[in-house]
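A quick note: this is a predicted structure, and the numbers were derived from the prediction, not measured. Because only heavy atoms are used, hydrogens play no part in the values below, and waters and symmetry mates are left out as well, while side chains stay in.
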Amino acid sequence: SYWKMYMSLGVLVLQTTSLVLTMRYSRTLIEDGPRYLASSAVVSAEVLKIFICALLVFVENGFGVQAMYQLLREEIVNKPGETMKLAIPAGIYTLQNNLLYVALSNLDAATYQVTYQLKILTTALFSVSMLGKKLGFHQWLSLLVLMAGVALVQWPTGVNNDAEQKVLTANSQFVGVMAVLMACISSGFAGVYFEKILKETKQSLWVRNIQLGLFGFVLGIVGMIMYDGPVVKQSGMFQGYNSITCTVVVLQALGGLVVAMVIKYADNILKGFATSLSIIISALISYLVLDDFNPTRVFFVGSLLVVISTFLYGYEGKAAISG
């Protein structure tokens, strides 16, 4: 139904915006002492996501511990084939998260944001090829308008910001762009694959998320040992954690659940639009509250195009989405 679709999209915009702002704040807040490990935050978020989903399954089953245990055993342990299907998107999501850290180490934020919006296009292409989704002229047009809008939003203002001015070699720029492009392809594929699984089975959304979370947790631990093993051994997994870090972890955990709801009630392409809207809202809050961003006329034109494209896609897509 439409109210579920728009409510889940609204919550996603709110969650994404909060996460972007708290992550930025948490990464610039600590001047001295150890900074929290990104790999540790990812693992913590997966654990929290599994716990929240288990709690929701518990509520769905009339607060019966035995009923919950039987359901989880039946769906996860006794159906290894179904559970293993979730290993693919979980693995791709883990790869994608690592690629984005590579990208942000080699690209400035604006270039990263613009290039990463290509995932909306890759998602649309995978939706058409894997789900047999038919996009009308208005929807293809809305995708082009969206990309133009996001490009304008991220257009360099020409204001010199010493903190942002890093001398990037052609080589690191190439590495960064390749990492983003690979992340766009993997994001599009994993999202559509997960949508296909969710819409083909009658299994509880929360059970599916527990399966996805279990694989994400295992792969996250492997990643943490590979990338930050010596540091974890020396100072522990929770080094540099504070209340802001915990907020980031909670928002990340909730993000996975909200995304699953959006995929269930709307679709992956609309998820991309929600993310784009959150970029604009984040920028406006940065300007109004954090006072570290000065929007230009070009920014407002881009913002308007993103809003128009969202309505343009939703208007034409209602028949396809509800079907």
Discussion item. Please enumerate all residues that pass salt bridge (charged side-chain N to carboxylate O under 4.0 Å, His left out) together with K119, with sequence neighbours excluded.
Written reply: none
Worksheet item: With sequence neighbours excluded, what pairs up with E82 under the salt bridge (charged side-chain N to carboxylate O under 4.0 Å, His left out) test?
Response: K85, R208
Worksheet item: Considering residues, nucleotides and ligands other than F215, do more than 12 of their heavy atoms fall under 6.0 Å from its CZ?
Response: yes
Flag the pair [X] / [Y] as yes when at least one side-chain heavy-atom distance between them is below 4.5 Å, and no otherwise.
| X | Y | result |
| --- | --- | --- |
| V43 | M237 | yes |
| V232 | S235 | no |
| L254 | L48 | no |
| C53 | L257 | yes |

Nearest-0.5 Å distance that lies between atom [atom1] in [X] and atom [atom2] in [Y]:
| X | Y | atom1 | atom2 | answer |
| --- | --- | --- | --- | --- |
| L181 | T122 | CG | OG1 | 10.0 Å |
| I76 | L71 | CD1 | CG | 8.0 Å |
| M130 | T123 | CE | OG1 | 10.5 Å |

Can you name the residues that form a side-chain hydrogen bond (donor to acceptor under 3.5 Å, both in side chains) with [X], not counting sequence neighbours?
| X | answer |
| --- | --- |
| Q234 | none |
| S142 | none |
| S8 | none |

Fill in: Between Q211 and T83, a side-chain donor and acceptor under 3.5 Å
yes
[X]: which residues meet the side-chain contact (heavy atoms from CB on, under 4.5 Å) condition with it, sequence neighbours left out?
| X | value |
| --- | --- |
| I308 | L304 |
| E74 | N78, K79 |
| A67 | N61 |
| M68 | V57, F58, L72 |

Worksheet entry | F238: ring-ring contact (aromatic ring centres under 6.0 Å, His included) partners, not counting sequence neighbours | Y241
Discussion item. Could you work out, with ring-ring contact (aromatic ring centres under 6.0 Å, His included) as the rule, every residue matching F189, not counting sequence neighbours?
Written reply: F126, Y193
Fill in: ring pair (Phe, Tyr, Trp, His ring centres under 6.0 Å) partners of residues 67-90, not counting sequence neighbours, each pair once
none
Discussion item. With a 3.5 Å distance limit and no angle check, can you tell me whether T247 reaches the backbone of S243 through a side-chain donor-acceptor pair?
Written reply: yes
